[in-house]
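To start, the structure under review is shown below, and the notes come after it.
We use all heavy atoms of the structure for the numbers below, so side chains are in, but hydrogens, waters and symmetry mates are not.
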Amino acid sequence: MNINEMKEIKDDETLVNTLYDFFDEKSRLNCSKAARVEFTTTVRYIERYLKKGMRILDIGAGAGEYSFYFANKGYQVNAAELADKNVVEFRKKLTDSTNIDLRQGNALDLSYFADETFDIVLLLGPLYHLHDREDRNMAIREAKRVLKKEGILFAAFINNDMIPYTEWGYDPDYLIKGDYDKETFKADDFPFVFFNLEQCREMLKDNGLTILHEVASDGMSELLEERINRLDDAGYAQYVKLHLFYCERPEHLGKTNHFLFVVKG
């Protein structure tokens with residue numbers, strides 16, 4: 001199937017499965033030093049709120065990068081993933097001693113989990129794929145429903161306003177020929193769905209969530225990928241330190257490919 005054929009798919013669930021047949025999710029967060037910045041940043045924020053004995057739910061868990069990290073730290077992790085290929089990759093890594101309960105399922109229906117079950121809920125992928133507003137609200141409401149009253153939800157979005165810069169880096173003709181509105185700079189929502197900072201805020205607040213942190217989770221790392229990957233260990237450690245220092249600064253929030261929102265009900 002080519003890109004134009006994929007664009008004809010109107011059902012999000014089918015599109016997700018088709019997309020991840022081509023897209024290698026298992027290496028996205030660990031294939032390079034630059035790619036690891038998003039994972040490192042997200043983990044740092046999650047660990048601020050983790051305490052011994054807490055239960056974690058990873059919705060849209062992909063191939064399990066976050067699930068395995070926290071399970072290996074001794075936490076009980078439940079994971080839900082929709083895409084067939086990702087579930088296969090996830091299961092390849094499971095052993096009898098892995099403290100993870102994996103289910104194949106959709107973020108829109110978590111009915112197999114009771115209300116107020118989890119201390120930490122990760123919603124780090126589903127909102128990349130849901131084109132319909134009500135579906136996005138349903139995914140957020142389901143994540144909120146299974147979250148304990150004092151629990152913390154971590155939600156990720158892809159930043160529309162960074163798309164022209166990063167795509168231009170890959171395609172010299174993107175500014176003239178790229179799939180975006182040439183006046184408003186709204187990117188075509190394919191193969192992912194993109195939001196600006198204010199749209200993310202409104203979505204979460206409209207669903208009764210209180211924002212604790214707004215984070216530029218990967219910052220300039222995609223634009224600076226080649227330079228970051230050339231750093232030695234000391235240089236890379238200092239780059240991550242620099243990134244973490246600035247990643248919540250209001251003047252830096254728009255300069256990122258991914259937003260991380262830390263919220264509570």
Side-chain angles (χ1 to χ4, degrees), residues 1-29 31 34-35 37-39 41-42 58-63 65-66 80-86 89 106-108 122-140 143 154-171 174 177-181 184-204 215-223 225 253-261:
M1 180 176 289
N2 60 40
I3 292 295
N4 288 330
E5 289 173 329
M6 287 178 64
K7 285 186 175 182
E8 295 302 313
I9 299 173
K10 303 304 180 184
D11 173 64
D12 285 337
E13 184 168 338
T14 302
L15 180 58
V16 166
N17 258 306
T18 305
L19 174 63
Y20 285 105
D21 282 341
F22 295 93
F23 190 73
D24 186 13
E25 178 64 18
K26 71 178 185 298
S27 64
R28 183 179 75 84
L29 294 168
C31 62
V37 172
E38 179 188 348
F39 176 83
T41 304
T42 303
D58 189 0
I59 308 170
E65 197 72 15
Y66 291 101
E81 170 57 29
L82 175 61
D84 295 338
K85 181 181 175 183
N86 291 342
E89 295 296 337
N106 194 314
L108 303 181
L122 311 182
L123 193 66
L124 302 178
L127 298 173
Y128 300 172
H129 300 289
L130 297 171
H131 289 78
D132 183 77
R133 178 178 180 179
E134 183 51 38
D135 284 348
R136 294 192 291 270
N137 288 337
M138 177 63 73
I140 294 169
F154 297 80
F157 303 85
I158 304 176
N159 177 19
N160 179 86
D161 297 348
M162 197 69 164
I163 298 299
Y165 297 99
T166 52
E167 290 301 316
W168 186 25
Y170 298 116
D171 177 5
Y174 182 82
K177 299 180 179 179
D179 288 333
Y180 68 94
D181 186 299
T184 67
F185 295 94
K186 175 68 180 84
D188 180 27
D189 285 328
F190 179 86
F192 303 102
V193 185
F194 309 108
F195 303 97
N196 64 33
L197 187 60
E198 189 55 40
Q199 288 170 328
C200 299
R201 289 169 176 158
E202 290 178 2
M203 197 184 312
L204 295 167
V215 184
S217 54
D218 51 354
M220 304 286 282
S221 298
E222 188 167 347
L223 282 179
E225 180 179 9
L253 282 176
K255 301 172 184 176
T256 186
N257 285 91
H258 296 85
F259 297 123
L260 174 69
F261 281 78

For [X] and [Y], which heavy atoms make the closest approach, and how far apart are they?
| X | Y | value |
| --- | --- | --- |
| Ala143 | Ile59 | CB-CD1, 3.9 Å |
| Tyr174 | Pro164 | CE2-CA, 3.7 Å |
| Asp181 | Thr184 | OD1-N, 2.9 Å |
| Glu134 | Asp132 | N-OD2, 3.0 Å |
| Ala63 | Glu89 | CB-CB, 4.1 Å |
| Leu130 | Ala139 | CD1-CB, 3.7 Å |

Spatial distance of atom [atom1] ([X]) from atom [atom2] ([Y]) [nearest 0.5 Å]:
| X | Y | atom1 | atom2 | value |
| --- | --- | --- | --- | --- |
| Asn137 | Leu127 | CG | CG | 9.5 Å |
| Asp135 | Arg133 | CG | CZ | 12.5 Å |
| Thr14 | Leu19 | OG1 | CG | 12.0 Å |
| Thr18 | Glu5 | OG1 | CD | 10.5 Å |
| Lys186 | Asp179 | NZ | CG | 11.5 Å |
| Glu13 | Leu82 | CD | CG | 4.5 Å |

Donor-acceptor check, side chain of [X] to backbone of [Y], threshold 3.5 angstrom: yes or no?
| X | Y | answer |
| --- | --- | --- |
| Asn159 | Thr256 | yes |
| Asn196 | Asp161 | no |
| Asp218 | Asn257 | yes |
| Tyr128 | Leu124 | yes |
| Glu38 | Ser217 | no |

Residues Arg28, Glu65: salt bridge by 4.0 Å N-O rule:
no
Polar side chain donor-acceptor pair, Asn86 to Glu25, under 3.5 angstrom
no
Are the side chains of [X] and [Y] in touch, meaning some heavy atoms are under 4.5 Å apart?
| X | Y | result |
| --- | --- | --- |
| Glu222 | Tyr170 | yes |
| Leu223 | Met162 | yes |
| Phe23 | Lys85 | no |

Determine whether Asn160 and Gln199 satisfy the following criterion, side-chain contact (heavy atoms from CB on, under 4.5 Å), listing intermediate values before the conclusion.
CA-CA 10 Å; Asn160 179 86; Gln199 288 170 328; 5.6 Å; no
Pair Thr42, His258 - check side-chain contact (heavy atoms from CB on, under 4.5 Å), show working.
CA-CA 10 Å; Thr42 303; His258 296 85; over 6 Å; no
Does the pair Leu15 and His129 meet the rule for a side-chain contact (heavy atoms from CB on, under 4.5 Å), with working shown?
CA-CA 8 Å; Leu15 180 58; His129 300 289; over 6 Å; no
Are Phe185 and Tyr180 an aromatic pair by the rule of ring centers under 6.0 Å?
yes
Go through the steps to decide whether Ile163 and Phe194 satisfy the test side-chain contact (heavy atoms from CB on, under 4.5 Å), and finish with yes or no.
CA-CA 9 Å; Ile163 298 299; Phe194 309 108; 3.7 Å; yes
